[in-house]
Amino acid sequence: QVQLVESGGGLVQAGGSLRLSCAASGRTFSSYAMGWFRQAPGKEREFVAAISRSGGITYYADSVKGRFTISRDNTKNTVYLQMNSLKPEDTAVYYCAASGTPGRGTVAIRQYEYPYWGQGTQVTVSS
């Protein structure tokens with residue numbers, strides 16, 4: 001069991017940056033692959049980025065590739081999402097999620113692979 005709490009959301013102008021954090025409870029954070037998802041108003045939740053247990057493997061949605069960076073610090077039980085060159089279409093509630101399913105060196109990109117979710121943090125990008 002792991003509990004996740006996101007922070008760092010807010011209002012930013014287009015072209016700006018934000019860094020989201022997701023703090024995890026428990027002593028086994030390094031045994032979980034982590035992911036970020038987002039849900040815009042009126043749309044389904046979608047995959048954004050994922051990272052393997054050690055942080056050595058990352059994977060991104062095409063829409064954020066080159067602008068967003070996922071990272072983790074297993075000593076702090078925290079995963080991050082650095083978001084640069086933000087666009088109005090990045091406006092959404094961002095969720096972090098944890099999965100114990102992927103083996104070492106792999107990531108999970110499908111929502112059903114993640115049994116643990118945070119409550120979400122709002123990101124609003126103004127034009």
Side-chain angles (χ1 to χ4, degrees):
Q1 188 84 12
V2 60
Q3 294 182 328
L4 306 171
V5 179
E6 301 97 334
S7 61
L11 174 65
V12 63
Q13 288 188 334
S17 299
L18 281 176
R19 188 176 82 155
L20 306 183
S21 299
C22 174
S25 64
R27 302 178 182 178
T28 59
F29 179 68
S30 60
S31 66
Y32 292 95
M34 301 296 294
W36 285 96
F37 293 79
R38 66 186 181 186
Q39 186 168 20
K43 295 187 177 182
E44 294 185 351
R45 189 161 57 185
E46 64 177 5
F47 168 78
V48 174
I51 191 166
S52 61
R53 297 179 183 186
S54 67
I57 304 296
T58 58
Y59 189 82
Y60 299 91
D62 287 343
S63 59
V64 307
K65 200 172 296 181
R67 300 188 298 123
F68 290 11
T69 302
I70 188 172
S71 62
R72 66 189 296 164
D73 186 340
N74 286 347
T75 66
K76 296 182 178 179
N77 284 12
T78 302
V79 62
Y80 304 97
L81 185 68
Q82 177 67 44
M83 305 186 294
N84 298 329
S85 302
L86 282 161
K87 305 175 181 179
E89 51 263 44
D90 294 319
T91 294
V93 177
Y94 284 72
Y95 300 90
C96 72
S99 174
T101 301
R104 292 180 181 178
T106 62
V107 299
I109 65 172
R110 298 173 181 81
Q111 294 186 49
Y112 68 79
E113 297 180 275
Y114 288 91
Y116 306 110
W117 293 81
Q119 83 289 349
T121 186
Q122 176 70 47
V123 171
T124 303
V125 184
S126 63
S127 57

Same cluster (ILVMFWY, side-chain, under 4.5 Å), Y59 and I57
yes
Quick one: do V12 and W36 end up in the same hydrophobic cluster if we chain Ile, Leu, Val, Met, Phe, Trp and Tyr together by side-chain heavy atoms under 4.5 Å apart?
yes
Between N74 and S30, which heavy-atom pair has the shortest distance, and what is it?
ND2-CB, 3.6 Å
For side-chain hydrogen bond (donor to acceptor under 3.5 Å, both in side chains), just list the numbers for Q122 and T124, CA-CA rounded to whole Å, side-chain angles, deciding distance to a tenth of an Å, and then say yes or no.
CA-CA 6 Å; Q122 176 70 47; T124 303; 3.3 Å; yes
Nearest-0.5 Å distance, CG of residue L86 to OG of residue S126:
10.0 Å
When rounded to the nearest 0.5 angstrom, what distance separates OH in Y116 from CD in Q3?
10.5 Å
Could you check whether the rings of Y114 and F37 sit parallel, tilted or perpendicular, using 30° and 60° as the cut-offs?
perpendicular
Does V48 belong to the same Ile/Leu/Val/Met/Phe/Trp/Tyr cluster as V125, with side-chain heavy atoms less than 4.5 Å apart forming each link?
yes
With a 4.5 Å heavy-atom cut-off, do V2 and Y32 have their side chains touching?
yes
Can you list, by chain and residue number, the hydrophobic cluster partners of V5 when the side-chain cut-off is 4.5 Å?
none
Within a strict 4.5 Å, meaning less than it, do heavy atoms of the D90 and F68 side chains meet?
yes
Quick check against the 3.5 Å criterion: does Q111 have a side-chain atom that pairs as donor or acceptor with the backbone of R45?
yes
OG1 of T78 to CD of E6: how many Å apart, nearest 0.5 Å?
12.0 Å
With rounding to the nearest 0.5 angstrom, report the CE to CZ distance, M83 to R67.
9.5 Å
I70 versus V79: any side-chain heavy-atom pair under 4.5 Å?
yes
With side chain to side chain contact (heavy atoms under 4.5 Å, CB included) as the criterion, how do Q82 and S17 come out once you've worked through the C-alpha distance, each side chain's angles and the decisive distance to 0.1 Å?
CA-CA 7 Å; Q82 177 67 44; S17 299; 4.0 Å; yes
With the 4.5 Å side-chain cut-off for hydrophobic clustering, are F47 and Y94 part of the same group?
no
Of the non-hydrogen atoms in P115 and S99, which two are nearest, and what is the gap between them?
CD-CA, 4.0 Å
Taking the six-membered ring of F29 as reference, does the NZ or CZ atom of R72 fall below 6.0 Å from its centre and within a 45° cone about the axis?
yes
Considering all heavy atoms, the nearest A108-P102 contact:
CB-CG, 3.6 Å
Between Q39 and K43, the two heavy atoms sitting closest are NE2-O, 3.1 Å
Cluster check L81, V123: I/L/V/M/F/W/Y, side chain < 4.5 angstrom:
yes
Euclidean distance, S7 OG relative to Y80 OH, rounded to 0.5 Å:
9.0 Å
Starting from the C-alpha separation in whole Å, work towards a yes-or-no answer on side chain to side chain contact (heavy atoms under 4.5 Å, CB included) for M34 and R53.
CA-CA 7 Å; M34 301 296 294; R53 297 179 183 186; over 6 Å; no
How far does OG1 of T106 sit from CD of E113, to the nearest 0.5 angstrom?
9.0 Å
Honestly, is R38 close enough over Y95, meaning NZ or CZ under 6.0 Å from the six-membered ring centre and within 45° of the axis?
no
Side-chain heavy atoms of L4 within contact of W117, under 4.5 Å
no
Could you go through the salt bridge (charged side-chain N to carboxylate O under 4.0 Å, His left out) check for D62 and K65 one step at a time?
CA-CA 5 Å; D62 287 343; K65 200 172 296 181; 3.1 Å; yes
